Protein chains: 2
Amino acid sequence: MSADTLSPVAMLCLAILFNGERTGYEIKKESLEGRHRWFVDASYGSIYPALARLAHGELVTVREEVQSGRPSRKVYSITATGRATLLDSLAQPAGPDVYRSRFLLLSTFAPRLPRHVIEEAINERKAGLRYEIASIRAAMADADRDGDPHCEALEWAAAYGENCLGAHLEFLETHGDRLIAMAQTDIADAAE
Amino acid sequence: MSADTLSPVAMLCLAILFNGERTGYEIKKESLEGRHRWFVDASYGSIYPALARLAHGELVTVREEVQSGRPSRKVYSITATGRATLLDSLAQPAGPDVYRSRFLLLSTFAPRLPRHVIEEAINERKAGLRYEIASIRAAMADADRDGDPHCEALEWAAAYGENCLGAHLEFLETHGDRLIAMAQTDIADAAE
DNA sequence: TGATCCATGTAAGCCGTTACATGATTGG
DNA sequence: CCAATCATGTAACGGCTTACATGGATCA
């Protein structure tokens, strides 16, 4: 039906607009904080042009709201065609999920690196994981409050995230010390 | 010490060359199959130029081997500077690991999509995870055979991978059916 | 008073992928 | 005989990030 494939950023915009109208600014924020963080990260430089293209293709409509004291905002809404196109695009087979880990590269070089480097890397990673798990819970609380109709599916995805991130965290908590033990002891720790 | 930061592809090349000399062709293969798959994916179009730049900066040396009947190969070896630069670059703080999942986006739309789409997505994902877990084990077997000096750290990273990918797989095996149940029953399944 | 939020957009540039060019050898 | 493997490289194109441009309102 729809021949042209959507770019990842376009899919992100449509997915967010599926839940209600938003401005480009709001989409950017939601893509960083909300439940779509797992998909792609996008900046203004990719969102605004994508939104313009979507409007041109009539997958979304725009309404300009002039505000007093604030810059006027362009509120985008998804159209029926937009919904259909997103769903269609989602149904298309896609490449596998991507996990790219600089941390794992670092870990394989642990025996060659000073201990504090490994320790810091593990601590940062743990902190990052804890933050992500916390924000999944926060996003779920938001969805509950909004009485979101997709709630079931959302909860499933959240549980998936919590489960998997939890596994990462638990591994680090249980086995992190072993990696630290492999690293070089910091003899003279004064160097830059 | 080394001011200029290494590009991800350059780090990948140096990391692979750390274990011994390789050609660009071999690096490409190893980046897809070997234990560095978790870091970045690189194509010839990025590896060859990166190698040339590294040679220019004397982080690697080249030796050209003319072969009879085959195209001549350029064998790259890492230099002492190269090793130091990689280790230095690795010790530098870096952004968090990245997980980008089209599958999770799809899952949040399960109630709006035909059941077979969700079923196929889950099956593909399971197959992908099983394949990745299998290749971790294969890579470890290789490392054991090679008597790799980093073996401990390698085993740690492999265990990390197995643990986390295992968590993904187990979640899908336990809760996949619930997501499928949320999807639209395929009434008329004949359509393209 | 200075940072941060709101709000939209453009332009330059980087980094990387895809596709192309070339070509002998080996295996099914 | 056709496909894949080995092997190196370039050129074009694409997509996304960064930085810039603009500017009032609010908050500390």
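Keep in mind that this is a model prediction, so the values were computed, not measured. In what follows, every heavy atom counts, from backbone to side chain, and hydrogens, waters and symmetry copies are set aside. Below, chain A is the first sequence line, B the second, and so on; all start at residue 1.
- Counting only heavy atoms from C-beta on, B:Y25 has its side chain closest to D:dT5 among C:dT8, D:dT5, C:dG16.
- As rounded to whole Å, 17 Å separates atom C1' of D:dC16 from atom CE of A:M11.
- The line from OG1 of B:T61 to CD of B:E21 is 8.0 Å long, rounded to the nearest 0.5 Å.
- Around CD of A:E173, the count of heavy atoms belonging to other residues, nucleotides or ligands within 6.0 Å exceeds 12.
- Atom OH of B:Y44 and atom C1' of D:dA11 are 18 Å apart (whole Å).
- Phosphate contact (OP1/OP2 of C:dA7, side-chain N/O of A:S72, threshold under 4.0 Å): absent.
- Of the candidate nucleotides D:dG9, C:dT8, D:dT17, C:dT8 has the atom lying nearest to any side-chain atom of A:R73.
- Going from atom CZ of A:R53 over to atom P of C:dT8 covers 17 Å, rounded to whole Å.
- OP1 and OP2 of D:dT8 both lie 4.0 Å or more from every side-chain N or O belonging to B:K28.
- Per the geometry, CG belonging to A:L54 stands 13 Å off P belonging to C:dG9, to the nearest Å.
- Comparing D:dC16, C:dT17, C:dT8 by their closest approach to the side chain of B:S46 singles out C:dT17.
- A ring pair (Phe, Tyr, Trp, His ring centres under 6.0 Å) check over residues 50-84 of chain A, counting only residues at least two apart or in different chains, returns nothing.
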Working note: B:S7 + B:R53, criterion side chain to side chain donor-acceptor pair (under 3.5 Å); need CA distance, chi angles, decisive distance, verdict. CA-CA 11 Å; B:S7 76; B:R53 276 193 296 274; 5.0 Å; no
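- In this structure, the OH atom of B:Y48 is 16 Å from the P atom of C:dT18, given to the nearest Å.
- Minimum atom distance to the side chain of A:K29 is reached by C:dC6, of the listed D:dG9, C:dC6, C:dT17.
- Put simply, the residue from B:K28, B:R22, B:K29 that forms a side chain to side chain contact (heavy atoms under 4.5 Å, CB included) with B:Y25 is B:K29.
- Defining each end axis of the helix from C:dT1-D:dA28 to C:dG28-D:dC1 as the rotation carrying four pairs' C1' atoms onto the next four, with five pairs an end, the two axes are found to diverge by 50° to 10 degrees.
- Hydrophobic cluster membership for B:L32: none, as no Ile, Leu, Val, Met, Phe, Trp or Tyr side chain comes under 4.5 Å of it.
- Among the protein residues, B:P49 comes within range of no part of the nucleic acid, since none of its heavy atoms lies under 4.0 Å from any strand.
- At the heavy-atom level, A:G24 lies under 4.0 Å from the strands shown only through sugar-phosphate atoms.
- Rounded to a whole Å, the CD1 atom of B:I47 is 16 Å from the P atom of C:dC15.
- Distance, B:E26 CD to D:dA7 P: 6 Å, rounded to whole Å.
- Using a 4.0 Å cut-off between a side-chain N of Lys or Arg and a carboxylate O of Asp or Glu, A:R137 and A:E162 qualify as a salt bridge.
- Of the candidates C:dG9, D:dC16, D:dT8, D:dC16 carries the atom nearest the A:V9 side chain, counting heavy atoms from C-beta on.
- At the heavy-atom level, A:S7 lies nowhere under 4.0 Å from the strands shown.
- Between atom CD of residue B:E170 and atom NE2 of residue B:H175 there is a gap of 8.0 Å, rounded to the nearest 0.5 Å.
- Taking atom CG of A:L51 as the reference point, atom P of C:dA7 lies 14 Å away to the nearest angstrom.
- Contact annotation: B:S43 reaches the phosphate of C:dT17 (side-chain N/O to OP1 or OP2, under 4.0 Å).
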